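In this text the structure is predicted, and so the values were computed from the model without any measurement. The sequence lines fix the lettering, A, B, ..., with proteins before strands; numbering per chain opens at 1.
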Protein chains: 2
Amino acid sequence: MSQKLFVSADEVAKRAGVSRSAVSRAFTPGASVSASTRQKVVQAAEELGYHVNHLARGLMRNESGIVCLIVSDVATPYRSALLRELTQQLQLAGKVAMLVNTDRSDGSVDRALQQAIRYRADASIIMSGLPDKSIAQLCLRSGQRLVLINRDDDQPGPLRINLDDTEAAQRVVTAFVRAGCRRLAFANSDAGTPSLMARETGFVAAAKAQGLDVTVERYGLTGYESGKVLAQRLLTKSERPDAVFCATDLLACGFMDAARHQFSISVPESLSIVGFDDIEQASWSSYELTTFAQPVMAIASEAVQWLSAEPSGDPDQTSKRLHAEFVWRGSVRAG
Amino acid sequence: MSQKLFVSADEVAKRAGVSRSAVSRAFTPGASVSASTRQKVVQAAEELGYHVNHLARGLMRNESGIVCLIVSDVATPYRSALLRELTQQLQLAGKVAMLVNTDRSDGSVDRALQQAIRYRADASIIMSGLPDKSIAQLCLRSGQRLVLINRDDDQPGPLRINLDDTEAAQRVVTAFVRAGCRRLAFANSDAGTPSLMARETGFVAAAKAQGLDVTVERYGLTGYESGKVLAQRLLTKSERPDAVFCATDLLACGFMDAARHQFSISVPESLSIVGFDDIEQASWSSYELTTFAQPVMAIASEAVQWLSAEPSGDPDQTSKRLHAEFVWRGSVRAG
DNA sequence: TTGTAAGCGTTATCAA
DNA sequence: TTGATAACGCTTACAA
């Protein structure tokens with residue numbers, strides 16, 4: 001069935017009465033073509049419905065213009081918000097996003113990278129999922145650039161974008177203490193990713209500095225349901241906490257709902273809650289969750305800028321630490 | 001800086017002591033290669049770190065393996081859930097997803113299609129955004145297949161996947177009437193997309209058949225904030241509705257929150273609410289929203305199956321009508 | 001089953 | 001500024 005489907009530069013050249021290299025140049029920004037030649041070519045292309053074949057162009061240039069986005073749990077509010085930003089900015093930079101879903105585990109990140117390599121993606125951005133250590137090497141070896149968002153890999157080469165999780169955790173302790181809370185808790189998933197752990201240890205340490213103990217509980221993934229389970233566990237303890245920092249907003253929403261509807265605890269009067277991410281739902285009237293905003297735009301632009309820039313061997317530039325703004329809403333008791 | 005980065009089939013051939021076509025065949029499913037040859041090739045490839053160049057393969061085969069996903073508002077719960085499913089099933093079918101974000105309007109869908117064509121995508125799936133009429137033609141002309149999800153385009157050629165919106169709307173009327181509600185309202189966005197309008201007109205018609213009038217209000221996009229505005233408008237009317245069908249869950253959540261927190265109306269006791277989509281938040285304890293489930297898995301598999309099948313000129317098969325299951329939760333008063 | 005050789009649609013190089 | 005020509009890395013007749 002594969003008949004003659006696409007128009008090639010040859011045909012455009014013929015119609016415009018120029019050589020095929022002229023056609024190529026007409027579509028290459030900054031090439032030396034006379035205005036009249038370009039004019040003729042563009043018109044002929046228009047009439048014929050010609051579109052530069054990026055497969056062939058990528059083959060020649062050794063640069064496909066493709067950036068591979070590797071992600072698990074895309075449907076999660078924070079992930080999808082980041083994805084939105086990333087695709088948008090990538091497009092603005094003239095690149096195109098190839099999305100690889102790694103929900104089905106089984107070395108899926110590796111397979112994803114393989115895919116990226118097969119299509120000669122210029123770069124990969126890992127938004128989630130735990131990459132194998134050998135991956136950075138694989139990318140390096142194939143000349144691919146790599147961006148790691150919120151996951152720590154100490155290998156040199158990739159750009160690592162992280163947040164100031166520890167400082168954020170400190171601010172939460174301060175806020176809780178000001179609100180007069182004394183029985184602190186931390187609700188975490190047991191995924192154990194670096195940023196999640198940084199929030200936890202930062203919180204525990206800052207509390208300790210204030211002479212306060214923290215009850216830590218970990219369970220499941222970072223979703224709403226886990227938040228409910230964590231509430232179940234923490235709110236049935238003999239010394240019930242009066243303030244809880246949840247590692248993500250999703251956990252916080254689940255926690256808050258369980259506290260209110262299952263335990264009839266009023267938030268924030270008897271229980272202060274802080275989350276992390278500032279997903280859209282955090283601002284909904286049912287939650288009014290105090291949280292930290294993931295700087296998705298800044299994350300995306302750091303990534304895209306780095307990818308668009310000429311590779312420089314400067315190792316200082318391969319790590320960015322961005323600030324997560326504290327967003328005050330109503331889920332922390334007024335001091 | 002573009003040095004020799006990738007290993008080519010030539011080098012693998014040399015190392016394995018075979019011809020380069022043998023290498024090609026070793027990586028082509030179903031090609032005729034002896035086990036021993038394949039063995040040698042695979043081993044050499046492994047050692048050298050060879051990966052088939054899909055750019056070149058696509059060029060030859062006239063089939064890139066790329067499917068273009070065209071979407072606006074990716075960060076929205078329903079969209080991102082559909083995206084998750086689509087990417088997953090596409091991957092399972094051996095295809096790869098190219099994501100094009102059309103949030104910035106200005107003929108962005110057209111530009112997106114252009115992009116798809118440049119990369120010689122085998123197909124495009126339009127998840128949202130209003131395509132220009134000429135687009136189907138453009139796709140057809142370039143041999144690309146097209147899937148339209150929840151948007152009606154009466155041109156032949158593309159696969160159109162829709163839901164039984166009208167039937168769903170009828171069920172809502174039945175449910176409301178059974179619950180003893182008499183003052184019906186419909187809260188819609190003013191986007192005016194076909195599926196949204198089908199729900200509205202279906203609801204109004206079914207109500208009329210029961211001898212009931214419907215107050216219809218339209219505003220903004222299909223988001224949470226619009227739901228609040230719609231509540232403001234509908235709940236301040238002299239004859240306050242006692243049942244409202246919202247065109248999407250996001251609208252419903254906003255509506256419910258406004259009803260409860262701004263108007264102190266208890267749901268479902270004094271106001272029954274039904275949404276559409278069954279986004280994750282619909283099941284959260286704060287909402288317990290009765291709604292219709294978008295059959296995202298079925299949608300995705302219909303799309304992927306159709307794309308994987310041989311093109312058949314059968315026009316009957318180019319339209320699929322899927323069922324949206326009614327999900328009973330607590331936002332409709334018990335009869 | 002295997003190798004040879006001809007293409008696929010570009011861009012880069014080099015004269016003109 | 002232009003046009004011929006040689007790559008790019010692959011697949012696929014065709015012949016052996």
Out of B:V100, B:L99, B:I125, which one pairs with B:C68 under the side-chain contact (heavy atoms from CB on, under 4.5 Å) rule?
B:V100

Calculate the interatomic distance between A:L55 atom CG and D:dT11 atom C1'; express it in whole Å.
14 Å

If you check every side-chain atom of B:R20, which of C:dG9, D:dC10, D:dA13 has the closest atom?
D:dC10

Nearest-angstrom distance from the residue atom CG of A:L59 to P of C:dG9
13 Å

Ignoring hydrogens and geometry beyond distance, is the side chain of A:R25 in donor-acceptor contact with the base of D:dG3 at under 3.5 Å?
yes

Of the listed nucleotides (C:dT10, D:dG3, D:dC10), which one gets closest to any side-chain atom of A:S8?
C:dT10

Report yes if at least one side-chain N or O of B:Y50 is closer than 4.0 Å to OP1 or OP2 of D:dC10; otherwise report no.
yes

Under 4.0 Å: is that the gap between some side-chain N or O of A:S34 and OP1 or OP2 of D:dT2?
yes

From D:dT2, D:dT11, C:dT4, pick the nucleotide closest to the side chain of B:S19?
C:dT4

Would you indicate what B:S32 reaches in the nucleic acid, counting non-hydrogen atoms under 4.0 angstrom: base, sugar-phosphate, or nothing?
base

Side-chain atoms of A:A22 come closest, of D:dT12, D:dG3, D:dC10, to D:dG3

Return the OG to CZ distance between A:S128 and A:R151, rounded to the nearest 0.5 Å.
6.0 Å

Using a 4.0 Å heavy-atom cut-off, does B:F27 contact any base of the nucleic acid, only the sugar-phosphate backbone, or nothing at all?
nothing

Output the single nucleotide from D:dG3, C:dT11, D:dC10 whose closest atom is nearest the side chain of B:R57.
D:dC10

Give, for atom OH of A:Y119 and atom CD1 of A:I66, the distance between the pair rounded to the nearest 0.5 Å.
8.0 Å

Rounded interatomic separation in angstrom, taking CD from B:E63 and C1' from C:dC8
14 Å

Is the gap between the ring centers of B:Y50 and B:F6 under 6.0 Å?
no

Under the 3.5 Å rule, do the base of C:dT11 and the side chain of A:S21 count as making a donor-acceptor pair?
no

Starting from C1' on D:dG9, measure out to NZ on B:K14 and report it in whole angstrom.
13 Å

Can you check the A:H54 NE2 to D:dC8 P distance for me, whole Å?
21 Å

Test side-chain contact (heavy atoms from CB on, under 4.5 Å) applied to A:K320 and A:L163, A:N162, A:L159, the passing residue
A:L159

Categorize B:S24 for me: base, sugar-phosphate, or nothing, with a 4.0 angstrom heavy-atom threshold over every strand shown.
base

Tell me: CG of A:N53 to P of D:dC8, nearest whole Å?
18 Å

Remember a base hit wins even if backbone is also touched, and classify A:V18 as base, sugar-phosphate or nothing at under 4.0 Å, heavy atoms.
sugar-phosphate

Does either side chain, that of A:T37 or that of A:S34, offer a donor lying less than 3.5 Å from an acceptor on the other one?
yes

Please report the distance, rounded to the nearest Å, between CE in A:M60 and C1' in C:dC8.
14 Å

Ranking B:T37 and B:R120 by the position along DNA chain C of their nearest nucleotide, the one closer to 5' is B:T37

Send over the distance from B:I117 CD1 to C:dG9 P, rounded to a whole Å.
16 Å

